[in-house]
Amino acid sequence: MARIVQKFGGSSVANAEKIKNVAKRVAATADEGNQVVVVVSAMGDTTDDLIDLAKQISLDPSQREMDMLMATGEQQSIALLSIALQELGKKAISLTGPQAGIHTDCVASKAKITEVNCARLEKELNAGNIVVVAGFQGLSPDGEIRTLGRGGSDTSGVALAVALKADLCEIFTDVEGVFTADPRIVPKAHKIDSISYDEMLEMASAGAGVLQPRSVELAKQYGIHVHVRSTFTQNKGTIVQEGNKMENLEKEMVVSGVALDRNVIKVSVFDVPDEIGVASKLFRALADARINVDMIIQGGDRNRLNSITFTTGKDEKIKLEKLLNDVVPKIGAKEYTVSDGVSKVSIVGAGMITNPGVAAKMFETLSDNGFNIELISTSEIKVSCIVKEDRAAEAVCLLHTAFDLDKE
Ligand code: ASP
Ligand code: MG
């Protein structure tokens, strides 16, 4: 008997028919003699709809109430899935994140899981239940329901797999697995059979929306193999696991995938005095406001004045502008601009470590096709460029071709 955690995303439980389909799939896993814990997201676009609803009432609703509101989405799906399982004659019980013993820190809307107390889960499993747990939520020490940030059910799924010492963690979604690029953008994109944690992490943080980056970090930390696969077919998907050994590296693709992140805003702070401590003050203020910064570039230094440019997510815009109005004068800088209308295009691949010229090829591909690169950042296995949003999808296609990913 194996213990399996299966996570189903919003598109897999978008309506009653789909919920019945998921129930069949879960029931089949249980019928093979496995203990099954299911983690579900909110139905379809429910989370977006709930956020829209709140925004119709307030432009800047309190984060506590947003958590309270957003957490209701997952509660609908757990109850409906349990009902569907019971309808199939299975013993099933739904549990909210707090009921399932998922504890988080106190950060509203972006909470991190601190601990999973498995007592209730074990009790329900031992009683022969399929346990259906609400993803994306947990209980903080101050007694509040917290949500884990968008896409957080993936992290709930992996965290439960870790805590329950599951034999397998399956993440079911509406695509066949992790692709070399988003197939809606690049028709020639193909499924990757196996990807290392590091590559997946870079792909996920570069905007390949299949997995929440934090879930990959967690899987890597505990060595959990994650199988990303389709809810709607029986096909094998993508296994996320430790990378291949070094001797295989050269045989691998130099670039494994191209990702696009449209959730980007670019912020530039101008005429920043070239003095010790200025950047630290700016980024401390951003950190204290829990604004996640991605790329950071400092440039300039004319007349002892610099410019500092960074990127963050679109949903931070209102909070960010409030903060910059306060901080920019404090650090002696003159002005700032916030631009949306840009996107991040990234190439990812462990093979980059041993192959020179990858970044050059990326920049050439973009410049040959008339793209202006606004910002660049790199890691050992990723190169990202900020380009104008209106042609970003085209850039992804061009890079997919340039790095030989079009052919399988
Ligand atoms: N329902 C949440 C969201 O839409 C969590 C998730 O789907 O993973 O972000
Ligand atoms: Mg998701």
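Start at 1 and go down the list; that is how both ligands and their atoms are numbered. Throughout, residue positions are numbered sequentially from 1 according to the sequence presented. Please read these numbers as outputs of a predicted model, since none were measured by experiment.
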Can you list, pair by pair, the side-chain donor-acceptor contacts under 3.5 Å of residues 265-273, counting residues two or more places apart and other chains?
residue	atom	partner	partner atom	Å
Lys266	NZ	Glu374	OE1	2.7
Ser268	OG	Thr309	OG1	3.1

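Residue-ligand proximity: Gly73 is placed with every non-hydrogen atom at 4.0 Å or more from ligand 1.
For ligand 1 and Gly151, the ligand atoms under 4.0 Å from any heavy atom of the residue are 3 (C), 5 (C), 6 (C), 8 (O), 9 (O). Within ligand 1, the atoms closer than 4.0 Å to a non-hydrogen atom of Arg150 are 3 (C), 4 (O), 9 (O), numbered from 1 in the order shown.
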Could you go through the side-chain contact (heavy atoms from CB on, under 4.5 Å) check for Val133 and Leu121 one step at a time? CA-CA 9 Å; Val133 180; Leu121 287 163; 3.8 Å; yes
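Here's the thing with Thr47: one of its N/O atoms is less than 3.5 angstrom from an N/O atom of ligand 1.
In this structure, the side chains of Asp198 and Glu202 stay at 4.5 Å or more apart for every pair of heavy atoms.
Sequence neighbours left out, the pairs with a member in residues 69-92 that pass side-chain hydrogen bond (donor to acceptor under 3.5 Å, both in side chains) are Asp31-Lys90.
Summarising the contacts of atom 2 (C) of ligand 1 with Glu74, Gln137, Gln212, the nearest heavy atom is found in Glu74.
The aromatic rings of Phe8 and Phe172 sit parallel, their planes meeting at an angle under 30°, below the 60° perpendicular limit.
Counting heavy atoms closer than 4.0 Å to ligand 1, residue Met70 contributes nothing at all.
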